[in-house]
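Below, chains carry the letters A, B, ... as their sequence lines are ordered, and counting in each starts from 1. If you're wondering where the values come from, they're calculated on a predicted model, not measured in any experiment.
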Amino acid sequence: MSDTTAPAFDFQDREPFWQNEWKRRSTFAVPDVPPADRPKYYVLEMFPYPSGQLHVGHVRNYTLGDVVARYKRARGFAVMHPMGWDAFGLPAENAARERNVHPGKWTMDNIATMRGTLQRLGFSLDWDREIATCLPEYYGKQQKLFTDMLAAGLVERRDSLVNWDPVDETVLANEQVVDGRGWRSGALIEKKKLSQWFLKITKFAQPLLDDLKTLDRWPERVRTMQERWIGRSEGARVRFALHQPPAGYDEDLDSVEVFTTRPDTLFGLSFVGISAEHPLARKVAETNPQAAAFIEECRRLGTSEEVIEAAEKRGFDTGLRVANPLDPEKTAPVWIANFVLMDYGTGAVFGCPCGDQRDLDFARKYDLPVPQVLLPAGQDAETFVLGKKAVSGDATLFNSGFLDGLDPATARKKVIERLEGLGAGKGVVNWRLRDWGISRQRYWGCPIPVIHCDACGPVPVPDELLPVILPEDVTFDRPGNPLDHHPTWKHVDCPHCGKPAVRETDTFDTFVDSSWYFARFTSPHAETPTVPAAANGWLPVDQYIGGIEHAILHLLYARFFTRAMHETGHLDVDEPFAGLFTQGMVTHESYRDDSGWLYPEDVERQGDQVVRRETGTPVQVGRSEKMSKSKRNTVSPVDIIERFGADTARWFVLSDSPPERDMEWTASGVAAAARFGQRLHRLVSAVAARDAADSVHGTAGDDLRRVTHRAIAAVGDALEAFTPNVAVARLHELTSALADAERVEGAGIAAARREAAQVLCLLVAPMMPHLAEDMMAVLEPGSALVVERPWPEAEEKWLAVQSVTIGVQILGKLRGTIEVPPNAPKEDVLAAAKNEPNVARLLEGKRLVKEIHVPNRIVNFVVAG
RNA sequence: GCGAGCUUGGCGGAAUGGUAGACGCACGAGACUUAAAAUCUCGAGUCCGCAAGGACGUGCGGGUUCGAGUCCCGCAGCUCGCACCA
């Protein structure tokens, strides 16, 4: 760019300048305990994994948070707005294996790079609170939380079948298995028996469910997803004794326990279905090769997507029979069924075809009896025949002995009473939620602070020996856990008896790290995990912002952890996040030609066509979709900042789309944002140069003052409503009004222009903070920084309008508009409306039935004839 | 299958039950310029009309209302989540 077209705002120079000013003044620092003189506001964005580069999704996320933080700050809140790094995890180990770089170095280098980008974006963060979960100052405190939870009975060690990811060579939580595959590796998951640590999240199942109702500033769908994930269902456990059990079927194997939500239909028993992994199924397989083959087949197909897709119900008759506990004369067969899950309920179901579609399909397929026990409302017991559809909706019990004539809800209670009396079952609440297995056979994570002693068993590492530091000298030359291979690290003396013992070499699931960081931010340097006065003062987070992908796992774990920390005395709140906002993705068009996918910077628009920059050859444009490396439809924030500046990037991501929706990244949108910033700076600079600072108000400025004060109100409303796109639109309007006012002359216009310019500085500041400071410095040299000024107040006087334009409708159709003074008397407005030429013309010869007048809004004439 | 959400110009989107399409992008015309860029001004839902004006118009079909993008009922399409949950 030549000198003659030099930009009004030189972001290369000025943005770092203002960032330095804020830093020099510690503008964004807040004390550990919130100050008493102001209300507190805690804004938090989900902290990033240090993958190497910030991506535009981060820019959107953190810009949204920064707008909230800066706005609330200007509104007089003490704003906590911290940033940190979710720094443990697999990619660092993969980098170590692939590139021979230590995970710690790789991670810290990435953090340095990404921190630089965040700082270059000018976010109002308290950098003194920065934490990285991979540093002992953080994970050591996490170890303390763990040993406290262990002491409080919130942790358990269990042998359990775990989801084993054969590629990553680690255990995964149920939540991390997606369609039978590892969420990260995509490998088919195997079942393996290991001794594992579990956090007893199920202990809090009821409060975690109940308190969802209190989270009224969370998106409905997130609450629904959590509710379903927790999965409370009321029913009964019923024990079916084997009818004439064969020899060897004793102790636990002489009966089958099922879970059912429909004990009322027990007289409709057709079969008992057990999982292929059920102990009884294994027992049968010992002597029955066909059963063994069927089980093997189920296991092979068990979790793959195709099976769920096809959903074919298949079974194998074991030849065993069970007696109905309510009527021991009646027996039913036991089938191994591929649709019965071992890890839900008891791994066994009782089949009642009459009341359950799946059971009906199964019974029909294998020609099992279909006892009819549910009579749909309006049907006659004599004539009712069950077709292909199981009974649903209103019904009463029949053919069910003592339950005949009852509705299902009443019958359930009666059956449970009877079963409990017989000792054959009891009413229970069953949860879908499992305890949280947190052991991972990984190096780059927080060591689990336990020592295993042959004599004493697992011994928690005592406080004075914490933190257990991750050794640095490890090798990645073979699969499995490097901690396990380390020559010396794991060999220690038992803290109890002093005999040689070994350390636990498993590390925590990284979701543990992110389950309490919001609390640590309130006292990031404390010797204890939290300082209760700080944590209780700042928590809950008032506004949490992040992607929807964490709707279940992270948010549920964090809610659990907060309760567990409450129980162990580290804080006394239960819900960590009072307000949750899930922002949409950033998308981009994709481009390809014969050579493959092309990066956005390799193509350019020529008229209606998109062509390859180097060759001018046409390029196919794909729909806008989530940015991905494979489609090369990515944009680098660093690149954007270098070319257009931080404020342009910030303004653009806020401009068009409402934040909860996906937004499309476009080059023209970025250019427009850059243009607006320059235009605004030019306008304000022109005001500073032309209009004297001591100008006085006068009537020539009234119109502009009205626009200015309405903008103050509208931008405030938009930011309160979390719709920065609307705030942006209002700011465009005020800017255009100021531009129009350049042509106005007369007493007072200068003062009005100065006021508008000043207000523009204050109102754009949450979005474009550097530009705002720079404009203010030009407009009012030597005065307070924008960031130290309060949000402007709209004056009522200027919100009132001089005249209002009222639409005049006839039968609800707009026929004209009239200008009247605000709050004009009804008679005057109606008279003016009737005088409007077009309205008068259309009213002629019509009979007026009704006149509707909504003050300052609309007039509607209802006519006939 | 269950659940949540979405559907408004060429595009992103705005709109406490009250003048649909604010604001921006793209587009067109003009000004400035030797020219281009930048900047500025103006225009624009569709159709009919020179115009005044009119008809139609927020996925589709109904309803409530003086008045519906907005509320209610039904349907379709798309997106996301869960999914053999007993």
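- Using a 30° and 60° split on the angle between ring planes, A:F581 and A:F722 fall in the parallel class, below 30°.
- B:G9 shows a glycosidic angle within 90° of 0 and is accordingly assigned syn.
- Rounded to an integer number of Å, the gap from CD of A:Q357 to C1' of B:C85 is 17 Å.
- With hydrogens and angles ignored, the 3.5 Å screen pairs a side-chain donor or acceptor of A:N324 with a backbone N or O of A:L266.
- In this structure, A:F294 and A:F316 have parallel ring planes: the angle between them is below the 30° cut-off, well short of the 60° mark.
- Contacts of A:V862 with the nucleic acid, taken as non-hydrogen atoms under 4.0 Å apart, involve only primed sugar atoms and P, OP1 or OP2.
- Here CZ of A:R559 is found 8.5 Å from CG of A:L555. Values are rounded to the nearest 0.5 Å.
- Look at A:R679 and you won't find any side-chain N or O under 4.0 angstrom from OP1 or OP2 of B:A38.
- Distance noted for atom C1' between B:U64 and B:C72: 7 Å (whole Å).
- The nucleotide whose nearest atom lies closest to any side-chain atom of A:R221 is, among B:C84, B:C66, B:C80, B:C80.
- Within the shown strands, B:A31 is the pairing partner of B:U39 under the Watson-Crick or G-U definition, both distances less than 3.5 Å.
- Using P as the reference atom, B:C80 and B:C27 are 31 Å apart when rounded to the nearest Å.
- Here B:C75 sits opposite B:G59 as a Watson-Crick or G-U wobble pair (both hydrogen-bonding atom distances under 3.5 Å).
- The same atom, P, is picked in B:C40 and in B:C23; the two are 15 Å apart, to the nearest Å.
- The interatomic distance linking A:N725 (CG) with B:A22 (C1') rounds to 12 Å, in whole Å.
- Of the candidate nucleotides B:U41, B:C66, B:C85, B:U41 has the atom lying nearest to any side-chain atom of A:D740.
- Where A:V728 and A:E220 each meet RNA chain B at their nearest nucleotide, the meeting point lying more 5' is that of A:E220.
- A:T666 comes within contact range of no nucleotide atom at all, as no heavy-atom separation falls under 4.0 Å.
- Of the nucleotides present, none pairs with B:U16 by Watson-Crick or G-U wobble criteria with both distances under 3.5 Å.
- Rounded to whole angstrom, the span from the CH2 atom of A:W229 across to the P atom of B:C82 amounts to 7 Å.
- Remark: B:U65 base-pairs with no nucleotide; criterion is Watson-Crick or G-U wobble with both hydrogen-bond distances under 3.5 Å.
- One interatomic measurement links the two molecules: CG of A:L811 to P of B:U19, which rounds to 17 Å at whole-angstrom precision.
- For the P atoms, the distance linking B:G21 with B:G9 amounts to 14 Å, nearest Å.
- The aromatic rings of A:Y366 and A:W335 lie tilted to each other, with the angle between the two planes from 30° to 60°.
- For A:P658, whose side chain is taken as the heavy atoms from C-beta onward, the closest listed nucleotide among B:G13, B:U39, B:G18 is B:G13.
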Across nucleotides 50-59 of chain B, 5' to 3', mark each nucleotide with B, S or - according to how protein heavy atoms within less than 4.0 Å reach it. ---SSSS---
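- Of the candidate nucleotides B:G18, B:G24, B:A86, B:G18 has the atom lying nearest to any side-chain atom of A:R857.
- Proximity note for A:H732 (side chain, C-beta onward) versus B:C23, B:U19, B:C40: the nearest is B:C23.
- Side-chain proximity of A:F339 to the nucleotides B:G81, B:C84, B:C23 is greatest for B:C84.
- When each of A:Q809 and A:V349 is assigned the nucleotide of RNA chain B with its nearest heavy atom, A:Q809 is the one assigned upstream, toward the 5' end.
- Judged by distance alone, with hydrogens and angles left aside, the side-chain atoms of A:R434 form a donor-acceptor pair with the main-chain N or O of A:W431 at under 3.5 Å.
- Note on A:R432: every side-chain N or O is 4.0 Å or more away from OP1 and OP2 of B:C82.
- A:Q583 and A:R661 share no side-chain donor-acceptor pair at under 3.5 Å.
- Between the P atom of B:A38 and the CZ atom of A:F644 lies a distance of 12 Å, rounded to the nearest Å.
- Closest to the A:F259 side chain, of the nucleotides B:A22, B:C40, B:A86, is B:A86.
- A donor and an acceptor atom, one from each side chain of A:S685 and A:H681, are located under 3.5 Å apart.
- Put simply, A:N430 has no side-chain N or O that comes within less than 4.0 Å of OP1 or OP2 on B:C85.
- Taking the P atom of each, B:C56 and B:G67 are spaced 15 Å apart, rounded to whole Å.
- In this structure, A:L680 atom CG and B:C23 atom C1' are separated by 15 Å, rounded to whole Å.
- The A:R358 side chain lies nearest to B:C85 when the options are B:A14, B:U19, B:C85.
- Comparing B:G12 with B:G1, their C1' atoms are spaced 35 Å from each other, to the whole Å.
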Give each protein N/O atom lying under 3.5 Å from an N/O atom of nucleotides 7-12 of chain B, with the pair distance.
unit_1: B:G12; atom_1: O2'; unit_2: A:S657; atom_2: OG; d: 3.1
unit_1: B:G12; atom_1: N2; unit_2: A:D656; atom_2: OD1; d: 3.3

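- Residue A:R228 places no side-chain N or O under 4.0 Å from the OP1 or OP2 atom of B:A4.
- Nucleotides B:G28 and B:G49 have their P atoms positioned 25 Å apart, rounded to a whole Å.
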Under the criterion salt bridge (Lys or Arg N to Asp or Glu O under 4.0 Å), I'd like the reasoning laid out for A:D703 against A:R706: C-alpha separation, chi angles, the key distance, then a yes or no. CA-CA 5 Å; A:D703 286 345; A:R706 267 187 278 278; 3.1 Å; yes
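- Atom NZ of A:K426 sits in a sparse spot, with 12 or fewer heavy atoms from other residues, nucleotides or ligands closer than 6.0 Å.
- The separation between A:L734 atom CG and B:G24 atom P is 13 Å, rounded to whole Å.
- With both ends at atom C1', the span from B:U7 to B:G53 equals 33 Å, rounded to whole Å.
- At the heavy-atom level, A:V258 lies nowhere under 4.0 Å from the strands shown.
- A:Y557 OH to A:I201 CD1: the interatomic distance, rounded to the nearest 0.5 Å, is 6.5 Å.
- If you measure from atom CD of A:E549 to atom P of B:A4, you get 22 Å, rounded to the nearest angstrom.
- Nucleotide B:C82: paired with B:G1 (Watson-Crick or G-U wobble, both distances less than 3.5 Å).
- Aromatic ring pairs are classed by plane angle as parallel below 30°, tilted from 30° to 60° and perpendicular above 60°; the pair A:F339 and A:F362 is perpendicular.
- What you find for A:I336 and A:A281 is that their closest heavy atoms are CD1-CB, 3.9 Å.
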